[in-house]
Amino acid sequence: MLDFTELLPLLDHSEHRSGQELATHFNVTRATIHNCIARIETLGIQVDSVPGRGYRLRTRLDLLDQADIVNNLTPEVTSSLHTIHCMQQVDSTNTQAANLSLPPVSTFSVILAEMQSAGKGRHGRTWVSPYAANIYLSIVWPLQRSLHEASCLSPHLAICVADALHLLGLSKLGLKWPNDVYCDNKKLAGLLIECSGELSGACKMVVGLGVNVAMKNYSNIQIDQQWTDICSNAPNWQLTRNELASLIINALVEGLRSFENKSLPNLVQRWAHWDVMESTSVDVYAGKQTQSGIARGIDDNGCLLLETEQGVERISVGDVTLRGSA
Ligand code: BTN
């Protein structure tokens, strides 16, 4: 059985490859090649098939490459890299990362994938993860501080991602509490932070990030919220996914390091710079409870400040819907 991940690297976007040539290469029948091409097309990758000439990709594929990603990490981040895994297809990079052994203190492991079959979002949602279109990565970090202290990590790391994307030239960026990255009022990226271990002792923290990069072929995909991607917002975008992945890993690892060193710059002000909810009427869902009020930024611990009729409430967990300007 020929796997599509073996065939894809042999397909080109500038030249046709004949079915017979590919069949000979893999020592399979032309029907097997045909079926494998059909599988590739189900992933949203468009393949032109011309009788007598063969198969050609309609657009160039921008595939992940482990060596390229490592080459673009900063020397400081490279020196703390324990392991890196670049996978083709996984259920969820967060699930895979949670199964890795805990890296030594002050080092990290990272898993990236071309595609997730069961990508996880916050609050049990699914994270739609088509092949070779976006960034799906998870960093495993041995947390040295208590989980209680880590409550500010969600907004802090979201700020690190927004700062990095802004430096790359993306505009109209914003953050929705606790860690959604928005662009032009639609969701561009999301973080899912999961921990296992002791409440007060060593804890394995998995920081998962999904960034929509090039979703043009998936515009009909069903997602339960307004979403966007980098390429629609930056038409002159030149970075490969490898370069983008490295820059994001650099930003997240530096963010995790500054958290461990207790050298977090002013969280409240940095959040205010990107906050898309400030002074907006919002509903906050936590379990079966809904609280409504006006968003008034966050506190030093990363809690949402919600102005209600009873006064200002500090909210540590919840899912927020914006209702409009107050
Ligand atoms: C959210 O905003 O709901 C969080 C989305 C997190 C998605 C990323 S993609 C890589 C990592 N693996 C997962 O299964 N989820 C996170």
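Both ligands and their constituent atoms are indexed starting at 1 by order of listing.
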Problem set entry | Partner residues of Asp180 under the side chain to side chain contact (heavy atoms under 4.5 Å, CB included) criterion, sequence neighbours left out | Lys176, Tyr182, Lys187
Exercise. So, for Leu64 and Arg241, which heavy atoms are closest and what is the spacing to 0.1 Å?
Worked result: N-NH2, 3.7 Å
Seminar exercise, completed: So the side-chain hydrogen bond (donor to acceptor under 3.5 Å, both in side chains) pairs with at least one residue in residues 101-111 (sequence neighbours excluded) are Thr83-Ser109
Exercise. Can you pull the residues with any heavy atom under 4.0 Å from ligand 1?
Worked result: Ser92, Thr93, Asn94, Gln116, Gly119, Lys120, Gly121, Arg122, Trp127, Tyr136, Leu137, Ser138, Asp180, Lys187, Gly190, Leu191, Leu192, Gly208, Leu209, Gly210
Seminar exercise, completed: Those residues at least two apart in sequence (or on a different chain) that pass salt bridge (charged side-chain N to carboxylate O under 4.0 Å, His left out) with Asp163 are none
For this session: Would you please indicate yes or no on a ring centroid separation below 6.0 angstrom for Trp274 and His166?
Result: yes
Problem set entry | Closest non-hydrogen atom pair, Pro155 against Ile298 | CB-CD1, 4.0 Å
